[in-house]
Amino acid sequence: LIGNTASISPAALSAWIQAVGSVMNDANTSVDEFIAMLGAGNRAIQDSDKVALALRTSALRIRGCTVELQEMGEETDNVVESTSTMAAKIKALTNINGSGGVDILEADEETFRSIFDIYNDISKVYNEMSDKNAAALLELIAGKNRSNQVSAVLNNMSEANELLNSSLNASGTASEEYKIYLDSAQAATERFGVAVTETYSNIINGETVKGLTNIGTAVLDFANSFGILESTIKGFVEIGIGKAI
């Protein structure tokens, strides 16, 4: 359903769930929420790869994960590692008309809110923010290289909510559709390719050859101990199968 309405193929959804899923899970964001934001952002950007990477980067920056960002080759300029400082900065930038600003933490002030919920609240004041504050917010939560994609998601959060509701109210959620995809012929082919590669590697390192040799030896030993092999070959010859074999 999400793939059909958001112009993202099941294969692309699967790839990004696998690539970004762990980061979103750590950010308390469900598969359905991530795909809804991905679909909404993709309507404007028309490049699901860039949108997915931007969402991943944003989730890491909001949580101050500098090391992870560096490992992924993302910029780390102005990353705020202190949770309390990050929370205060976002709250101040989004405090429009005395609204109090957007919280990135739950009431316990220790647990991060879902990225979907944070984006949802920011989107309600985003268009009322001054250009200066909006730019500062984007640099804070997305970095310079991912600002355009994150801005597209924020501007389309109403659509993200529609996609999320459609997903949750459909016969199968996005999570279930992903499981269906994994059972599809395309996914089976991909798994088969991995299995073939693994098998080939085992053959090269001698494990499979050694295993087959051991099995063959054991079978022959068993057959010889009871005269099975000899009588079987004689039987083939007598009924004229030996030549064909």
Side-chain angles (χ1 to χ4, degrees), residues 6 20 23-30 32-48 50-66 69 74-168:
V20 182
V23 172
M24 287 297 159
N25 183 62
D26 291 342
N28 302 316
T29 305
S30 70
D32 299 87
E33 291 173 333
F34 163 65
I35 293 178
M37 290 188 291
L38 178 62
N42 193 56
R43 284 290 180 88
I45 301 298
Q46 290 298 301
D47 190 330
S48 61
K50 289 184 178 180
V51 177
L53 289 174
L55 290 171
R56 182 185 69 178
T57 296
S58 181
L60 291 170
R61 289 183 72 95
I62 287 174
R63 292 166 48 238
C65 301
T66 304
L69 286 165
E74 297 289 347
E75 65 171 296
T76 55
D77 294 345
N78 301 320
V79 172
V80 179
E81 295 186 358
S82 168
T83 300
S84 59
T85 301
M86 172 63 87
K89 283 179 174 290
I90 292 177
K91 202 163 188 177
L93 288 169
T94 55
N95 184 16
I96 305 300
N97 299 324
S99 62
V102 175
D103 287 310
I104 62 171
L105 298 173
E106 298 287 0
D108 61 10
E109 296 187 355
E110 294 183 0
T111 306
F112 281 95
R113 299 174 66 206
S114 159
I115 298 299
F116 186 93
D117 291 340
I118 293 172
Y119 271 44
N120 219 14
D121 286 350
I122 292 176
S123 70
K124 295 173 183 177
V125 298
Y126 186 61
N127 290 325
E128 297 179 46
M129 295 173 65
S130 67
D131 290 344
K132 180 179 179 180
N133 284 350
L137 176 68
L138 289 174
E139 186 168 346
L140 189 64
I141 68 174
K144 295 177 181 177
N145 295 335
R146 306 295 184 187
S147 291
N148 288 342
Q149 293 82 40
V150 168
S151 180
V153 176
L154 290 173
N155 278 316
N156 286 283
M157 281 304 293
S158 59
E159 183 172 352
N161 279 281
E162 292 177 6
L163 289 172
L164 179 62
N165 290 332
S166 296
S167 171
L168 297 176

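Quick caveat, the model's predicted, so the values are computed rather than measured.
- Distance alone, capped at 3.5 Å, is enough to place a donor-acceptor pair between the T57 side chain and the L53 backbone.
- The closest side-chain heavy-atom distance from Q149 to D47 is not below 4.5 Å.
- Side chain of D32 to backbone of L164: no donor-acceptor contact under 3.5 angstrom is found.
- Checked against salt bridge (Lys or Arg N to Asp or Glu O under 4.0 Å), D117 has no partners two or more places apart in sequence or in another chain.
- Residues N156 and A44 come closest through the heavy atom pair ND2-CB, 4.0 Å.
- Of the residues listed (D77, N78, V79), the one engaging E75 in a side chain to side chain contact (heavy atoms under 4.5 Å, CB included) is D77, and it is the only one.
- Within the 4.5 Å cutoff, side-chain heavy atoms of K124 are placed close to those of D121.
- Taken to the nearest 0.5 Å, the NZ atom of K50 stands 14.0 Å off from the CG atom of L38.
- Rounding to the nearest 0.5 Å gives a distance of 4.5 Å between CG of L60 and CG of L69.
- Expressed to the nearest 0.5 Å, how far CD1 of I45 lies from CG of N148 amounts to 6.5 Å.
- Of all heavy-atom pairs between S99 and N95, the closest is N-OD1, 3.2 Å.
- The two atoms that bring E81 and G64 nearest to each other are CG-O, 3.8 Å, heavy atoms only.
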*Does the pair R61 and L140 meet the rule for a side-chain contact (heavy atoms from CB on, under 4.5 Å), with working shown?*
CA-CA 7 Å; R61 289 183 72 95; L140 189 64; 5.9 Å; no
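- Remark: I118 CD1 to I90 CD1 distance equals 6.5 Å, nearest 0.5 Å.
- Partners of R146 by salt bridge (Lys or Arg N to Asp or Glu O under 4.0 Å), not counting sequence neighbours, listed by chain and number: E74.
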_Pair D103-K91, side-chain contact (heavy atoms from CB on, under 4.5 Å): steps then yes or no_ = CA-CA 6 Å; D103 287 310; K91 202 163 188 177; 2.9 Å; yes
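- Between the side chain of S30 and the backbone N or O of E33 there is at least one donor-acceptor pair closer than 3.5 Å.
- Take N120 and apply the side chain to side chain contact (heavy atoms under 4.5 Å, CB included) test, not counting sequence neighbours, and it matches F116, S123, M157, N161.
- F112 and N28 make their closest contact through O-ND2, 2.6 Å (heavy atoms, listed as atom of the first residue, atom of the second, distance).
- S114 contributes atom OG, which lies 6.0 Å from atom CE of M37 (distance to the nearest 0.5 angstrom).
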*V20 and L55: side-chain contact (heavy atoms from CB on, under 4.5 Å), yes or no, with the steps?*
CA-CA 9 Å; V20 182; L55 290 171; 5.6 Å; no
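- In this structure, the side chain to side chain contact (heavy atoms under 4.5 Å, CB included) partners of V125, at least two apart in sequence or on a different chain, are T94, I96.
- R63 contributes no side-chain N or O that, together with a main-chain N or O of A27, makes up a donor-acceptor pair within less than 3.5 Å.
- Using modelled atom types, one side-chain atom of S147 and one backbone atom of G143 make a donor-acceptor pair closer than 3.5 Å.
- K144 meets the salt bridge (Lys or Arg N to Asp or Glu O under 4.0 Å) test with no other residue; sequence neighbours excluded.
- Between L93 and M129 the shortest heavy-atom distance is O-CE, 3.3 Å.
- Here I35 contributes atom CD1 and L163 contributes atom CG; the two are 10.0 Å apart, rounded to the nearest 0.5 Å.
- Under the side chain to side chain contact (heavy atoms under 4.5 Å, CB included) criterion, N127 pairs with N155, not counting sequence neighbours.
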